[in-house]
Amino acid sequence: MKNSYSNIFTFSKKILYKTIKVLNKKSIVSLPTETVYGLAGNAYSKKAISKIFKLKKRPKKNPLIIHYYDIHQIHADVKLNNNFMKLYKKFCPGPITFILKKNKRSKISNLACGNLKTLAVRFPKHKIIRSVLKNINYPLAMPSANISSNVSPVSAQDVYEEFKKKIKLIINGGQSKVGIESTVIDLTNKPKILRPGIITLFDIEKILNLKIKSNTNNSKIKSPGMLKKHYSPGIPVLLNQKKPDNKSAFIYLGVKFKNNKKFFSLSKNSNLKEAASNLYKTFRLIKKKGFKKIQIAKIPFIGSGIAINDRIKRAANNK
Ligand code: TXA
Ligand code: MG
């Protein structure tokens, strides 16, 4: 069934077949995941991958995450290790991406992995992407479905806003539950968090039973998604704000402000996971309402608050 937008489709068996047909032809579709919506293409196909880079206007050096149904599909592509096995068992399928050493015999397009000797692998949880992955015999390269450096999309309409009719097939899987991108952890050496997410450093330390590093404040760019300016709503963003000004939209936690025309609470009971899930949605809403600036109150640096702070810091960076 078609939605009101002619390229947004409700998922059904028929649409599953259509999706697979488009992917087999090395074309691109937009699929929902539990984190954010993605732009999916056959990871073995240079043709499909170059379409993704072109659509996103993404620098070629910034490698893509390769998405799999489960562990059985990854043996040809990467070298597994104990830390990976422990985290896979605990969190997958789910919102976490692992950087592993790539196998020489891997068929993943070099363009997808920026010619690196490592590969980012993820096992998404959303049932639509899982049913697609289950019914194809190649993995999917899938970056977030936004123009490079914009805010990631968390609904089919958001994807439409980014690409309009340039994508033939956008599958509507509802609002993405997690609402921010997966945690990225480098497991090629001593485990290191490259991008924080709702699976936190603390959650991972507990499973691995060791202290791990977070690379996210490091100036050296290890993961190109860590480019300082990223996740930008396209208007100035000010952090750690105490006093709402007259004109700006004001983002905060809790219920302190009654006038909700310019006040946007990310979570009424200050739940940081809920706040993360509302962040990008709120950025887009504020932009649509025509505000010219966003003030954000202090967000605690604990749990999912670490990922929120990472994203808003980049959103605030105009360099
Ligand atoms: O939640 C997600 O991970 C979403 C959904 C669609 O699955 N995808 C996503 O992809 O956020 P993307 O392309 O927007 O972000 C991928 C991040 C980038 O920061 C990229 O630099 C990093 O993963 N990355 C990919 N391969 C890497 C590698 N071999 N080494 C280090 N970082 C890598
Ligand atoms: Mg992205």
Side-chain angles (χ1 to χ4, degrees), residues 28-41 43 49 52-53 55-68 77-79 91-102 106 108-126 128-130 132-133 139-154 158-159 162 171 173 176-189 191-199 215-216 218 220-232 276-277 280 307 310-311 314-315:
I28 306 308
V29 301
S30 177
L31 296 171
T33 85
E34 73 281 14
T35 56
V36 300
Y37 275 64
L39 273 191
I49 304 301
I52 292 179
F53 276 93
L55 274 165
K56 275 185 67 79
K57 303 193 177 105
R58 178 167 173 126
K60 289 269 160 56
K61 273 193 189 150
N62 192 358
L64 307 180
I65 297 173
I66 311 304
H67 295 66
Y68 298 83
D77 293 330
V78 284
K79 291 185 177 52
F91 297 118
C92 294
I96 183 162
T97 295
F98 309 98
I99 311 297
L100 293 168
K101 287 187 179 140
K102 194 175 148 203
S106 166
I108 303 293
S109 157
N110 271 326
L111 185 57
C113 44
N115 277 316
L116 297 172
K117 292 199 165 80
T118 57
L119 197 66
V121 305
R122 163 158 141 74
F123 310 87
K125 191 171 187 176
H126 195 291
I128 294 181
I129 173 80
R130 275 179 67 74
V132 174
L133 286 167
L140 293 174
M142 192 163 69
S144 50
N146 52 281
I147 309 278
S148 227
S149 96
N150 282 2
V151 170
S152 296
V154 292
D158 292 351
V159 178
E162 291 287 315
I171 311 298
S176 296
K177 284 212 176 79
V178 174
I180 56 168
E181 305 81 357
S182 60
T183 304
V184 177
I185 182 161
D186 184 349
L187 296 175
T188 55
N189 219 309
K192 202 187 288 166
I193 305 264
L194 302 183
R195 179 173 74 182
I198 66 148
I199 294 178
N215 202 40
T216 53
N218 201 328
K220 198 176 132 216
I221 293 171
K222 173 80 200 285
S223 196
M226 292 167 56
L227 294 171
K228 278 195 186 147
K229 183 182 157 135
H230 214 92
Y231 317 116
S232 161
S277 78
Y280 291 160
D310 170 72
R311 304 308 193 276
R314 292 170 208 284

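Counting starts at 1 for both ligands and their atoms, in listed order. Atoms considered below: every heavy atom in the structure, side chains included; atoms not considered: hydrogens, waters and symmetry mates.
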| query | Between CG of Leu140 and CD1 of Ile129, what distance do you get to the nearest 0.5 Å? | reply | 5.0 Å
| request: Rounded to the nearest 0.5 Å, what's the gap from CG on Asn189 to OG1 on Thr118? Could you check? | output: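 Output value for this atom pair is 11.5 Å.
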| query | Does Arg58 reach ligand 1, in the sense of a heavy atom lying below 4.0 Å from it? | reply |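 The answer is yes: ligand 1 sits under 4.0 Å from a heavy atom of Arg58.
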| task | Give yes or no for whether the N/O distance cutoff of 3.5 Å, strictly under, is met between Ser182 and ligand 1. | result |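 N/O-N/O distance under 3.5 Å: yes.
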| Looking only at distance, does Thr35 have an N or O less than 3.5 Å from an N or O of ligand 1? |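 Min N/O separation from ligand 1 is below 3.5 Å for Thr35.
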| task | Quick one: do Asn146 and Tyr37 satisfy side chain to side chain donor-acceptor pair (under 3.5 Å)? Show the steps, please. | result | CA-CA 9 Å; Asn146 52 281; Tyr37 275 64; over 6 Å; no
| Between Glu162 and Lys56, is there a salt bridge with N-O shorter than 4.0 Å? |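 Result for this pair is no, no salt bridge flagged.
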| message | Test side-chain contact (heavy atoms from CB on, under 4.5 Å) on Ile147 and Asn150; report intermediate values, then the result. | response | CA-CA 6 Å; Ile147 309 278; Asn150 282 2; 3.7 Å; yes
Per-atom contacts, ligand 1 versus [X] - under 4.0 Å to a heavy atom:
| X | result |
| --- | --- |
| Pro143 | 10 (O), 12 (P), 13 (O) |
| Asn62 | 18 (C), 20 (C), 21 (O) |
| Met142 | 6 (C), 8 (N), 10 (O) |
| His67 | 5 (C), 7 (O) |
| Glu181 | 1 (O), 11 (O) |
| Gly38 | 6 (C) |
| Ala120 | 25 (C), 26 (N), 27 (C) |
| Leu116 | 28 (C), 29 (N) |

Nearest-option assignment for [atom], heavy atoms, candidates [options]:
| atom | options | answer |
| --- | --- | --- |
| atom 29 (N) of ligand 1 | Ile129, Asn146, Thr118, Val121 | Thr118 |
| atom 9 (C) of ligand 1 | Pro153, Ser144, Ser152 | Ser144 |
| atom 30 (N) of ligand 1 | Ile99, Leu39, Ile66, Asp186 | Ile99 |

| Within Ser148, is some N, O or S atom less than 2.8 Å away from the Mg ion (ligand 2)? | no
| side chain to side chain donor-acceptor pair (under 3.5 Å) between Thr97 and Ser182, worked out | CA-CA 6 Å; Thr97 295; Ser182 60; 2.8 Å; yes
| More than 12 heavy atoms of other residues, nucleotides or ligands under 6.0 Å from NZ of Lys79: is that the case? | yes
| Between Asp77 and Val121, is a side-chain contact (heavy atoms from CB on, under 4.5 Å) present by the stated rule, with each step listed? | CA-CA 9 Å; Asp77 293 330; Val121 305; 5.9 Å; no
| message | If you apply the rule side-chain contact (heavy atoms from CB on, under 4.5 Å), what do you find for Phe98 with Phe123, and how did you get there? | response | CA-CA 10 Å; Phe98 309 98; Phe123 310 87; 4.1 Å; yes
| Looking at Arg314, Arg195, Arg311, Arg122, which one forms a salt bridge (Lys or Arg N to Asp or Glu O under 4.0 Å) with Glu181? |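 Going through Arg314, Arg195, Arg311, Arg122 one by one, the salt bridge (Lys or Arg N to Asp or Glu O under 4.0 Å) with Glu181 is satisfied by Arg311 alone.
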